[in-house]
A.B. asks: 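Supplied in structure tokens, the structure appears directly below.
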Amino acid sequence: MIAASPPHTELSVASHDILREVFGYDRFRGPQEAIVEHVIAGGDALVLMPTGGGKSLCYQIPAIARQRMGQGITIVISPLIALMHDQVGALHEAGVSAAFLNSTLSGEEASAVEKRLLRGDITLLYAAPERVTTPRFLAQLDSLYERGYLSLFAIDEAHCVSQWGHDFRPEYRALTVLHERFANVPRMALTATADALTREDILDRLQLQEARAFVSSFDRPNIRYTIVEKKDATQQLLRFISREHLGDAGIVYCQSRKRVEEIAQTLCDEGIDALPYHAGLDAKVRQANQDRFLRAEGIVMVATIAFGMGIDKPDVRFVAHLDMPKNIEGYYQETGRAGRDGEPADAWMSYGLQDVVNQRRMIDESPAGEEFKQGLRGKLDALLGLAEATDCRRVRLLHYFGEASGPCGNCDNCLSPPAVWDGTDAARKLLSTIYRVQQQSGISFGAGHIMDILRGKSTEKVAQHGHEALSTFGIGTDLSEVQLRGVLRQLIAIGAVEVDAQAFNTLQLTDLSRAVLKGKVPVQLRESVSTPVGKTKRATTARGASKVPASLDAAAQDRFTALKAWRGEVAREHNLPAYVIFHDATLAAIAERAPQSLDDLQGISGIGAKKLEAYGEEVLRVVSI
Ligand code: ADP
Ligand code: ZN
């Protein structure tokens, strides 16, 4: 049944040769080489790499090498059913035999794949965990295993096995069957989620305690981090996009479905090609929007966190957060979707008092146990620390993942160090006002009222409660409302003030308040930069605008544009995203080289043997026009 021919002796199993021949790349990135060698030799592995770090090659190259060595098939387990078609398509383009089994296939298509599987006629098979653990599929694996034709299990998005990860999928727990049933088959688990709890859980749940762990640097140097103070978030976002990213593909994350719809509409009204994505949309609409984002150029996807896992579009130029995520892991994974191609990209977030209050409230109101909530609070605090930071954001991010580094020169705080002011005195005024109000009235009040007292405003409420008589009435007149909000935000962020969601969002003192009142905890605040509020100009050039690398001379730019148009046609014909055919960087390199012959195309990054054969002549024709 298995193809009886010996392994392809004419094809090299050396990992470098496969990298060059199949993928057209010159060198491995970071620890890729060590991982690939370890797995080719039959070792188990845990691979922790940031989003965009290059995890796919870590199992694809061993799969190809081991197939060539006669070891058989690699099973890739992934929760990303909606992306399997494109992942397999990308492998076909590179000349690798691959297939997927999931619920999108008809019965007939599925049995055709199963036949190929049993014949051993596939190098990589993608399947979802719930499929892999069915008795039927396990029996098919038994048959391969008995014949020594089951080569490797690659468990992608392995953090899904952990309830500490943010994408917990109970089906992942059943994957222990693989180890028990196919003890001699190497397994690797891959994830971009790096925190210690999740990592322990992965090793434990998947019984990978013996596996070698490969932990990459989590730095993504091409991503520029910017966190701005939220004023009018929608206008701030419009300004950011129209100033820096007209015509670029990007993702905008919002907290709620309603907000996603609103923002997508606003962007469209401003001439920016935007689409909504959230779990409340019909599955067909979601899939269509995702396909359009992947296939068309320069689309902005406005989404909840339901969007993005496994999205491997390399040329996403920005990720914007209109609301603050829950923790640094989430923030880092989401922002990591920008700039996978290594070209400059932006991670932009607007953040304000309401974000702090909302996130704290969500934790307080969740039905989880107190210990679990404490864990969530700790994670939120780390993110608040990042948002309030006046020093290098990247240093803070990497520190969170256990890496030491120096100022990066590519974040907002490094590029334009914020003016800071000592807010300790202001913080004390605020805290003592909360204290006195509570003393005098026996109840607590919300932020608005406390600010009014500080700023000496004689409102109805102030009069009603006799708060004009307080010694702190009007002691904050030297501070602007923006400054006071900044002080309050930071006090909430560090836990020196609590917002009681059960009691009309009133402000409460905490144990830490006393230390701040005594001046023992300094409060450093960033000076609020006031940005002009003027309406942004309509982004009329956004739609259909296509970016051309400025580094190319005029003739090369023309070639680039022609190549892009040609690539679009091929992608449509093959029903695949354009970047699966060639990345922009590959097209730019071709345009620059102005090749006259197939030989001239050799060695351009991203052109492997199969693509050279399939597209070489076409490319020469396109650039010769
Ligand atoms: P991850 O799954 O870790 O988020 P991917 O596997 O999607 O990342 O890789 C990100 C991008 O980097 C892809 O477009 C891939 O083609 C590219 N890439 C990966 N490894 C290399 C390499 N050694 N040389 C050049 N490009 C690479
Ligand atoms: Zn920095």
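Read the numbers this way: they start at 1 and go in the same order the structure lists the ligands and their atoms.
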A.B. asks: Answer yes or no: is there an ion pair linking Lys610 with Glu93, defined by an N-O contact shorter than 4.0 Å?
C.D. replies: no
A.B. asks: Are Glu569 and Lys564 within salt-bridge range, i.e. N to O under 4.0 Å?
C.D. replies: no
A.B. asks: Could you tell me whether Arg239 and Glu244 have a side-chain N and a carboxylate O separated by less than 4.0 Å?
C.D. replies: no
A.B. asks: The criterion is salt bridge (charged side-chain N to carboxylate O under 4.0 Å, His left out); which residues satisfy it with Asp86, sequence neighbours excluded?
C.D. replies: Arg295
A.B. asks: Identify the protein atoms, limited to N or O, that lie within less than 3.5 Å of an N or O atom of ligand 1, and list each pair with its distance to 0.1 Å.
C.D. replies:
{"unit_1": "ligand 1", "atom_1": "3 (O)", "unit_2": "Gly53", "atom_2": "N", "d": "3.4"}
{"unit_1": "ligand 1", "atom_1": "3 (O)", "unit_2": "Gly54", "atom_2": "N", "d": "3.0"}
{"unit_1": "ligand 1", "atom_1": "3 (O)", "unit_2": "Lys55", "atom_2": "N", "d": "2.8"}
{"unit_1": "ligand 1", "atom_1": "3 (O)", "unit_2": "Lys55", "atom_2": "NZ", "d": "2.9"}
{"unit_1": "ligand 1", "atom_1": "4 (O)", "unit_2": "Gly52", "atom_2": "N", "d": "2.5"}
{"unit_1": "ligand 1", "atom_1": "4 (O)", "unit_2": "Arg340", "atom_2": "NH1", "d": "3.1"}
{"unit_1": "ligand 1", "atom_1": "4 (O)", "unit_2": "Arg340", "atom_2": "NH2", "d": "3.3"}
{"unit_1": "ligand 1", "atom_1": "6 (O)", "unit_2": "Lys55", "atom_2": "N", "d": "3.3"}
{"unit_1": "ligand 1", "atom_1": "6 (O)", "unit_2": "Ser56", "atom_2": "N", "d": "3.0"}
{"unit_1": "ligand 1", "atom_1": "6 (O)", "unit_2": "Ser56", "atom_2": "OG", "d": "2.6"}
{"unit_1": "ligand 1", "atom_1": "7 (O)", "unit_2": "Arg340", "atom_2": "NH1", "d": "3.2"}
{"unit_1": "ligand 1", "atom_1": "8 (O)", "unit_2": "Gly54", "atom_2": "N", "d": "3.2"}
{"unit_1": "ligand 1", "atom_1": "12 (O)", "unit_2": "Arg29", "atom_2": "NH1", "d": "3.1"}
{"unit_1": "ligand 1", "atom_1": "12 (O)", "unit_2": "Arg29", "atom_2": "NH2", "d": "3.2"}
{"unit_1": "ligand 1", "atom_1": "14 (O)", "unit_2": "His583", "atom_2": "NE2", "d": "3.4"}
{"unit_1": "ligand 1", "atom_1": "16 (O)", "unit_2": "Tyr25", "atom_2": "OH", "d": "2.7"}
{"unit_1": "ligand 1", "atom_1": "20 (N)", "unit_2": "Gln32", "atom_2": "NE2", "d": "3.0"}
{"unit_1": "ligand 1", "atom_1": "23 (N)", "unit_2": "Arg27", "atom_2": "O", "d": "2.9"}
{"unit_1": "ligand 1", "atom_1": "23 (N)", "unit_2": "Gln32", "atom_2": "OE1", "d": "3.1"}
{"unit_1": "ligand 1", "atom_1": "26 (N)", "unit_2": "Arg29", "atom_2": "NH2", "d": "3.4"}

A.B. asks: Please indicate how many protein N/O/S atoms are found closer than 2.8 Å to the Zn ion (ligand 2), with waters neither displayed nor included.
C.D. replies: 4
A.B. asks: For the residue pair His321 and Tyr331, does the interplanar ring angle fall in the parallel (under 30°), tilted (30 to 60°) or perpendicular (over 60°) class?
C.D. replies: tilted
A.B. asks: Can you give the donor-acceptor pairs under 3.5 Å from side chains of residues 301-317 to other protein atoms, not counting sequence neighbours?
C.D. replies:
{"unit_1": "Thr304", "atom_1": "OG1", "unit_2": "Ala306", "atom_2": "N", "d": "3.3"}
{"unit_1": "Asp312", "atom_1": "OD1", "unit_2": "Tyr579", "atom_2": "OH", "d": "3.1"}
{"unit_1": "Lys313", "atom_1": "NZ", "unit_2": "Asp315", "atom_2": "OD1", "d": "3.2"}
{"unit_1": "Arg317", "atom_1": "NE", "unit_2": "Pro344", "atom_2": "O", "d": "2.9"}
{"unit_1": "Arg317", "atom_1": "NH1", "unit_2": "Asp341", "atom_2": "OD2", "d": "3.0"}
{"unit_1": "Arg317", "atom_1": "NH2", "unit_2": "Asp341", "atom_2": "OD1", "d": "2.9"}
{"unit_1": "Arg317", "atom_1": "NH2", "unit_2": "Glu343", "atom_2": "O", "d": "3.2"}
{"unit_1": "Arg317", "atom_1": "NH2", "unit_2": "Pro344", "atom_2": "O", "d": "3.3"}

A.B. asks: Describe, in one word, how the ring planes of Tyr332 and Phe401 are oriented to each other, choosing from parallel (under 30°), tilted (30 to 60°) and perpendicular (over 60°).
C.D. replies: tilted
A.B. asks: ring-ring contact (aromatic ring centres under 6.0 Å, His included) between Trp348 and Tyr225: does it pass, once the steps are laid out?
C.D. replies: CA-CA 6 Å; Trp348 181 94; Tyr225 300 96; over 10 Å; no
A.B. asks: Tell me, yes or no, whether the heavy-atom count around Glu130 atom CD, taken from other residues, nucleotides or ligands under 6.0 Å, exceeds 12.
C.D. replies: yes
